[in-house]
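For clarity, every value in this text was computed on a predicted model and none was experimentally measured.
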Amino acid sequence: MKISYKNILTLLRPEQWVKNLLVLASLIFSKHFWDFSFTLRVIEAFFVFCLLSSSVYILNDFFDLSEDRLHPTKCLRPLAAGRVPMGFALGLAAVLVFSSLTAAFALSKDLFWVCFSYFLLQTIYSLGLKHVVLLDVLSIACGFVLRAVAGAVVIHVELSPWLLLCTFLLTLFLGLGKRREEGLILEHQGDKVRPVLSHYPLPFLDALISVVTGATVVSYALYTVSPEVVQKFGTTHLIYTLPFVIYGIFRYLYLLHQRGGGDNPARVFLKDFALQMNVLVWLVACFWIIYD
C-alpha cells in the first residue's frame, strides 16, 4: 500500500500541537523569556512534547480502532479508514516515543521523567481510564499540567502552585466541554461508540462545567494578587488581565453551545479569530506588566 505524506501528517495531528504551548508558561512567568538559553531549552522541550504527543495520538487511534470506525467523524482518520497500515503506524509511534524520550533525557533528566510520566498516563488513559467516568477528564487535565511542569523543569525554575491549579482547572473545563460535545454528536449512536458517555447526561455536565468555570476564574484572580506573585513581579497590575480570561472562557462557552465543535478544543481555537485575538491581547498584557 502506498502511504501518502498527507495521511502520515494527519496521523500525527499537528493541529493538536498547539496544546504543547503550555510548556512556555514557566518561561514567561519566571521572567526568563528574553534569556536566549532559557528560551531555546523551552522551545526544544516544546518539540519533544510534539513528537511524544503525536506518538500518543497514534497509539490512541490503534486502541480505539473499532470504536472510531463507528464514529461519524473519527471513521475518517487514516487508521480507521485503512489509509495507513497498522504495522507502519505502530512502527512510527515507536520511533517517535524513542526519539522524544531520548531527546528529553539529553535536555534534562527531570524532563525525561516528566515526559515518561506523561506517556505512561496517556497509555493508561487509552487502555482503560478513558472508560471510567470522571477519571477520564481528570487524567486529561493532569496531562496538561505535566506539559506546564515540563517547561519549568527544563530551565530549573519553580512553577507557582497557583499557575498549576489554573492550568488544571482550565483544562478540566475544556475536557468537560469535550465530553458535552461528544455526547451531543453521539446521542443517536447509543453506547456502541463510547459507553462512558452514557454516564455524562447533559445536566450533569453543565453543572460540572459551571463549578469548574467559577473555580478557574477565582483561582486565576487569586493567583494575580497572591503575595508571592506581587513580590515577584513588583506590581499588583496582573489582576487587570482577568477580564481577558473571563472573556476567553465565556467565548468558548458560547462557541460550545451555539456552534459546536467542543469535541476538538484545538480546532475551535485555530478557527475562531475572536478567541485567538483574546489570547494574543492577554499575552501582550501579561508581557507588558511582567517585563515592564
Side-chain angles (χ1 to χ4, degrees), residues 1-20 22-23 44-107 109 111-132 135-137 139-144 146-147 150 175 178-179 182 185-186 189 191-197 263-267:
M1 176 190 293
K2 185 177 180 181
I3 309 171
S4 70
Y5 289 111
K6 180 180 179 181
N7 285 326
I8 295 175
L9 194 62
T10 303
L11 191 67
L12 298 177
R13 297 191 213 171
E15 75 278 3
Q16 299 293 334
W17 291 351
V18 67
K19 299 174 181 178
N20 299 323
L22 264 175
V23 301
E44 290 171 336
F46 167 78
F47 284 110
V48 165
F49 253 93
C50 288
L51 296 178
L52 188 59
S53 59
S54 285
S55 72
V56 168
Y57 295 136
I58 294 173
L59 291 176
N60 187 63
D61 285 353
F62 170 72
F63 292 133
D64 286 353
L65 199 56
S66 58
E67 293 179 356
D68 285 353
R69 285 172 176 164
L70 298 173
H71 195 280
T73 57
K74 293 180 181 179
C75 64
L76 300 176
R77 288 177 175 175
L79 266 183
R83 294 196 298 269
V84 173
M86 201 174 303
F88 175 86
L90 292 176
L92 179 59
V95 170
L96 291 174
V97 171
F98 178 78
S99 58
S100 58
L101 291 180
T102 300
F105 187 83
L107 280 171
K109 290 183 180 179
L111 178 63
F112 168 82
W113 287 115
V114 172
C115 289
F116 180 78
S117 299
Y118 171 82
F119 178 73
L120 183 62
L121 174 64
Q122 297 305 310
T123 302
I124 295 173
Y125 171 81
S126 296
L127 289 173
L129 272 183
K130 69 189 307 176
H131 302 300
V132 182
L135 288 183
D136 56 342
V137 290
S139 60
I140 291 173
C142 288
F144 280 92
L146 286 173
R147 287 174 167 94
K178 180 179 173 70
R179 285 293 177 268
E182 287 174 335
I185 292 175
L186 302 175
Q189 303 264 331
D191 60 357
K192 295 183 295 182
V193 176
R194 187 73 69 84
V196 73
L197 292 176
D263 59 316
N264 193 328
R267 190 172 300 160

Drop me the distance from Phe46's CZ to Ser53's OG, to the nearest 0.5 angstrom. 8.5 Å
Heavy-atom pair with the smallest gap, counting every atom of Ala104 and Val48: CB-CG1, 4.0 Å
Gap separating the CG atom of Asp136 from the NE2 atom of His131, nearest 0.5 angstrom: 9.5 Å
Would you say CZ of Phe116 has more than 12 non-hydrogen atoms from neighbouring residues, nucleotides or ligands within 6.0 angstrom? no
Can you see which heavy atom on Ile58 is nearest to which on Ala89, and at what distance? CG2-O, 3.3 Å
For Phe105, check ring pair (Phe, Tyr, Trp, His ring centres under 6.0 Å) against everything at least two apart and list the hits. Phe112
Going by side-chain contact (heavy atoms from CB on, under 4.5 Å), name the residues that satisfy it together with Phe62, two or more places apart in sequence or in a different chain. Leu79, Met86, Leu90
Using the salt bridge (charged side-chain N to carboxylate O under 4.0 Å, His left out) rule, collect all pairs that involve residues 95-107, keeping only residues at least two apart or in two chains. none
Out of curiosity, Trp17 CH2 to Tyr57 OH, how far, rounded to the nearest 0.5 Å? 10.5 Å
Non-neighbouring partners of Thr123 that pass side-chain hydrogen bond (donor to acceptor under 3.5 Å, both in side chains), sequence neighbours left out: none
Are the side chain of Ser55 and the backbone N or O of Leu52 linked by a donor-acceptor pair below 3.5 Å? yes
CG of Leu146 to CZ of Phe49: how many Å apart, nearest 0.5 Å? 6.5 Å
Heavy-atom closest pair (Ala266 atom, Val18 atom, distance to 0.1 Å) is CB-CG1, 3.7 Å
With sequence neighbours excluded, tell me which residues meet side-chain contact (heavy atoms from CB on, under 4.5 Å) with Val56. Tyr118, Phe119, Gln122
On a heavy-atom basis, the closest approach of Leu121 and Ser139 is CD2-O, 3.6 Å
Output all residues satisfying side-chain contact (heavy atoms from CB on, under 4.5 Å) with Leu135, sequence neighbours left out; order by chain, then residue number. Leu129, Val132, Leu138
All side-chain hydrogen bond (donor to acceptor under 3.5 Å, both in side chains) counterparts of Ser4, not counting sequence neighbours: Asn7
Point-to-point distance, once rounded to the nearest 0.5 Å, from SG of Cys142 to CZ of Arg147: 12.0 Å
Results of salt bridge (charged side-chain N to carboxylate O under 4.0 Å, His left out) for Arg77 - residues two or more places apart only: Asp61, Asp68
The side-chain hydrogen bond (donor to acceptor under 3.5 Å, both in side chains) partners of Ser100 (sequence neighbours excluded) come to none
Restricting to side-chain hydrogen bond (donor to acceptor under 3.5 Å, both in side chains), what partner residues turn up for Gln16, sequence neighbours left out? Lys19, Asn264
For the atom pair CG (Asn60) and OG (Ser126), what is the distance rounded to the nearest 0.5 Å? 4.0 Å
